[in-house]
Colleague: 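Starting off with a structure, shown below.
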Amino acid sequence: IYKWYRSGLNRWHGPGSTPDFQDIIEDRCYNYTQRIRPDSRSRNCQEIKQAFMSAFISKDPCKATKEDYRRLIDLADPTVPCNKRVLWSKTKELAREYAKLRGLVTLEDTLLGFLADGLHWCGEPGSPDLNTWSCPDWEKDCRTNYRSVFWKVLSERFAESACGTVQVLLNGSLENAFDEMSIFGRVEAPNLKPMVTLQVWLVHDPGKPPRDSCSGSSITKLKSILSERNVRFICRDNLRTRLPILSNIRRLRKQPCGLF
Ligand code: AVW
């Protein structure tokens with residue numbers, strides 16, 4: 001029976017739920033609402049945790065819908081400014097550092113983005129527990145898994161409610177810095193409001209030669225998606241625009257009480 005049980009839970013190709021998922025969500029929620037963003041002190045972390053769990057517990061891990069997360073999103077709607085948003089694709093850590101330095105925000109600075117950052121979660125029909133053995137992988141199992149749908153819903157809301165200048169850090173060390181299949185490509189870029197300005201920063205891994213540029217075909221494709229939507233577009237890819245960011249980060253890291 002144990003073998004059968006285990007093979008059932010082990011059938012997906014993605015990592016299993018993060019151990020202590022519930023406790024992590026609860027700890028992060030108190031940390032965010034009490035310390036990081038005290039203006040969100042009135043949020044009810046117990047209720048938020050319950051809403052998160054009941055979105056996916058006991059459900060088929062491949063049948064996630066937007067609706068499943070509605071209650072959670074209603075309880076924890078983001079309050080970050082609409083004109084200070086930074087998006088990213090394959091540049092998460094750098095984008096977070098860049099945003100922090102400039103007083104801007106990424107999705108992980110919103111309550112729900114902060115709660116789920118880097119975690120995995122899925123349930124199992126008929127079981128009150130999380131599956132810690134395996135969870136569905138976007139490519140190998142199903143796209144409508146609970147983690148992917150969560151980031152999709154959050155990203156869509158984050159992009160469609162953005163205003164003014166939105167920045168995005170794309171990875172110019174890849175062949176296609178703009179990936180149409182990424183969340184930025186599928187969900188965020190096509191949901192920016194008309195009259196928003198998208199400022200693209202093409203960043204390169206130190207030591208690796210740049211492979212894509214503002215005039216390359218992937219960025220040209222992005223430009224055409226945006227112009228159809230009346231979104232203004234600026235792209236910077238020369239190294240001089242990037243180096244000050246990285247050297248600032250290095251400098252600040254060396255300070256004992258620096259920003260990091
Ligand atoms: P990617 P995307 N923690 O690097 O353009 C863990 O190709 O697809 O970038 N996993 C996450 C997180 C997170 N904080 N955020 C997204 N994911 C998942 C949200 C998600 O399934 C931000 F606003 C995503 O496809 C960025 O502008 C994959 O990990 C944009 O979406 C990262 O793939 C980055 O998504």
Side-chain angles (χ1 to χ4, degrees), residues 12-18 21 24-25 28-29 32 36 52 56 61-62 64 66 69 72-73 76 78 80-100 104-122 135-163 165-193 196 198-205 212 218-219 221-222 225-226 231:
W12 308 115
H13 295 87
S17 306
T18 308
F21 178 82
I24 297 174
I25 294 292
R28 285 185 179 180
C29 185
Y32 187 93
I36 298 175
F52 205 151
F56 69 96
C62 273
K66 246 181 175 177
Y69 286 116
L72 177 63
I73 283 177
V80 294
C82 69
N83 60 347
K84 294 195 168 174
R85 302 193 178 179
V86 177
L87 309 175
W88 51 268
S89 202
K90 282 127 197 135
T91 52
K92 183 174 140 193
E93 300 312 322
L94 187 63
R96 297 224 58 192
E97 291 176 342
Y98 171 80
K100 206 168 184 176
L104 305 171
V105 288
T106 64
L107 185 55
E108 296 72 35
D109 294 308
T110 66
L111 174 55
L112 288 180
F114 183 83
L115 293 186
D117 189 15
L119 302 183
H120 292 266
W121 63 94
C122 67
C135 287
D137 174 78
W138 192 76
E139 270 178 358
K140 294 186 184 139
D141 300 307
C142 53
R143 296 190 171 186
T144 51
N145 65 70
Y146 277 90
R147 183 171 178 267
S148 302
V149 169
F150 175 87
W151 288 115
K152 183 169 179 247
V153 175
L154 244 61
S155 307
E156 190 174 284
R157 296 171 67 92
F158 193 63
E160 75 191 3
S161 61
C163 66
T165 299
V166 177
Q167 320 219 19
V168 62
L169 272 72
L170 298 179
N171 191 337
S173 298
L174 301 173
E175 195 181 330
N176 292 307
F178 173 61
D179 171 5
E180 277 185 88
M181 292 304 281
S182 67
I183 291 197
F184 172 70
R186 281 182 299 129
V187 180
E188 294 177 325
N191 274 299
L192 290 171
K193 274 204 291 251
V196 159
L198 184 72
Q199 160 86 67
V200 177
W201 298 96
L202 266 190
V203 294
H204 308 108
D205 289 340
D212 204 355
S218 86
I219 300 292
K221 173 79 198 168
L222 170 61
I225 293 175
L226 297 171
V231 171

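Numbering of ligands and ligand atoms starts at 1, following listing order.
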Colleague: Return yes or no for this condition: an N or O of Ser148 is under 3.5 Å from an N or O of ligand 1.
Modeller: no
Colleague: Using a strict cut-off of less than 4.0 Å between a Lys/Arg side-chain nitrogen and an Asp/Glu carboxylate oxygen, indicate whether Lys66 and Glu156 qualify as a salt bridge.
Modeller: yes
Colleague: Heavy atoms only: give me the nearest Ala99-Thr106 pair and the separation to one decimal.
Modeller: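 It is CB-CG2, 3.9 Å.
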Colleague: Identify, for atom 18 (C) of ligand 1, the protein heavy atom at the shortest distance, and state residue, atom and that distance.
Modeller: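 Scanning the protein heavy atoms, the shortest distance from atom 18 (C) of ligand 1 goes to Trp151 CD1, 3.8 Å.
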Colleague: So, regarding Leu119 and ligand 1 (criterion: nitrogen or oxygen to nitrogen or oxygen, under 3.5 Å), is there a contact or not?
Modeller: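 Between Leu119 and ligand 1, no N or O pair is found under 3.5 Å apart.
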Colleague: Closer than 4.0 Å and a protein heavy atom, does any atom meet both conditions relative to atom 28 (C) of ligand 1?
Modeller: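 Under the 4.0 Å cut-off, atom 28 (C) of ligand 1 has no protein heavy-atom neighbours at all.
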Colleague: How many angstroms lie between atom CG of Leu87 and atom CG of Leu170, to the nearest 0.5 angstrom?
Modeller: 9.0 Å
Colleague: Is Ile183 in polar range of ligand 1, meaning some N or O pair under 3.5 Å apart?
Modeller: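 Min N/O separation from ligand 1 is below 3.5 Å for Ile183.
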Colleague: Counting only heavy atoms closer than 4.0 Å, does ligand 1 sit against the backbone of Lys90, its side chain, both, or neither?
Modeller: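 It is both backbone and side chain that touch ligand 1.
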Colleague: Do Trp88 and Tyr98 have side-chain N/O donor and acceptor atoms under 3.5 Å apart?
Modeller: no
Colleague: Hey, which atoms in ligand 1 end up nearer than 4.0 Å to a heavy atom of Ser155?
Modeller: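 Per the distance check, 19 (C), 31 (O).
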Colleague: Quick one: look at Leu107 and ligand 1, take heavy-atom pairs under 4.0 Å, and tell me if it's side chain, backbone, both or neither.
Modeller: side chain
Colleague: Before you tell me yes or no, could you show the steps for Asp117 and Lys92 under salt bridge (charged side-chain N to carboxylate O under 4.0 Å, His left out), namely the whole-Å CA-CA distance, both residues' side-chain angles and the distance that decides it to 0.1 Å?
Modeller: CA-CA 11 Å; Asp117 189 15; Lys92 183 174 140 193; 2.6 Å; yes
Colleague: If you count the atoms of ligand 1 from 1 in the order shown, which ones are under 4.0 Å from a heavy atom of Phe184?
Modeller: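 Those of ligand 1 that fall under 4.0 Å from Phe184 are 2 (P), 5 (O).
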Colleague: Would you mind checking if Asp109 and Arg96 are paired as a salt bridge, meaning a charged N to carboxylate O distance below 4.0 Å?
Modeller: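 Yes, Arg96 and Asp109 are salt-bridged.
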Colleague: What distance separates Asp205 CG from Leu94 CG, expressed to the nearest 0.5 Å?
Modeller: 9.0 Å
Colleague: Relative to the ring of Trp121, is the ring of Phe56 parallel (under 30°), tilted (30 to 60°) or perpendicular (over 60°)?
Modeller: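 Answer is tilted, since the angle falls between 30° and 60°.
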Colleague: With the threshold set at under 4.0 angstrom, would you say Gly118 reaches ligand 1 through any of its heavy atoms?
Modeller: yes
Colleague: Taking all non-hydrogen atoms of both residues into account, name the closest pair between Leu115 and Ile25 and its distance.
Modeller: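 It is O-CD1, 3.4 Å.
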Colleague: If you measure from atom 33 (O) of ligand 1 to every heavy atom of Trp88, Phe178, Phe158, which option wins on shortest distance?
Modeller: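 That would be Trp88.
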Colleague: Can you list the atoms of ligand 1 that are under 4.0 Å from a heavy atom of Ser89?
Modeller: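 Near Ser89, the atoms of ligand 1 are 2 (P), 4 (O), 5 (O), 7 (O), 9 (O).
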Colleague: Could you tell me whether Arg147 and ligand 1 have an N or O pair separated by under 3.5 Å?
Modeller: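 Yes; the residue has a nitrogen or oxygen that sits under 3.5 Å from a nitrogen or oxygen of the ligand.
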Colleague: Measure across Arg85 and Phe158 and return the closest heavy-atom pair with its distance rounded to 0.1 Å.
Modeller: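 It is NH1-O, 2.8 Å.
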Colleague: Minimum heavy-atom separation for Gly113 to Leu154, with atom names?
Modeller: N-CD2, 3.8 Å
Colleague: Out of all atoms in ligand 1, which are within 4.0 Å of some heavy atom of Glu108? Include the element for each.
Modeller: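 Answer, ordered by atom number: 13 (C), 14 (N), 15 (N).
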Colleague: Please state which protein non-hydrogen atom is closest to atom 23 (F) of ligand 1 and give its distance, to 0.1 Å?
Modeller: Glu188 OE2, 2.7 Å
Colleague: Quick one: does ligand 1 sit under 4.0 Å from the side chain of Lys152, the backbone, both or neither, non-hydrogen atoms only?
Modeller: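 For Lys152, no heavy atom sits under 4.0 Å from ligand 1.
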Colleague: Does Lys92 come within less than 4.0 angstrom of ligand 1, counting non-hydrogen atoms of the residue?
Modeller: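 The answer is yes: ligand 1 sits under 4.0 Å from a heavy atom of Lys92.
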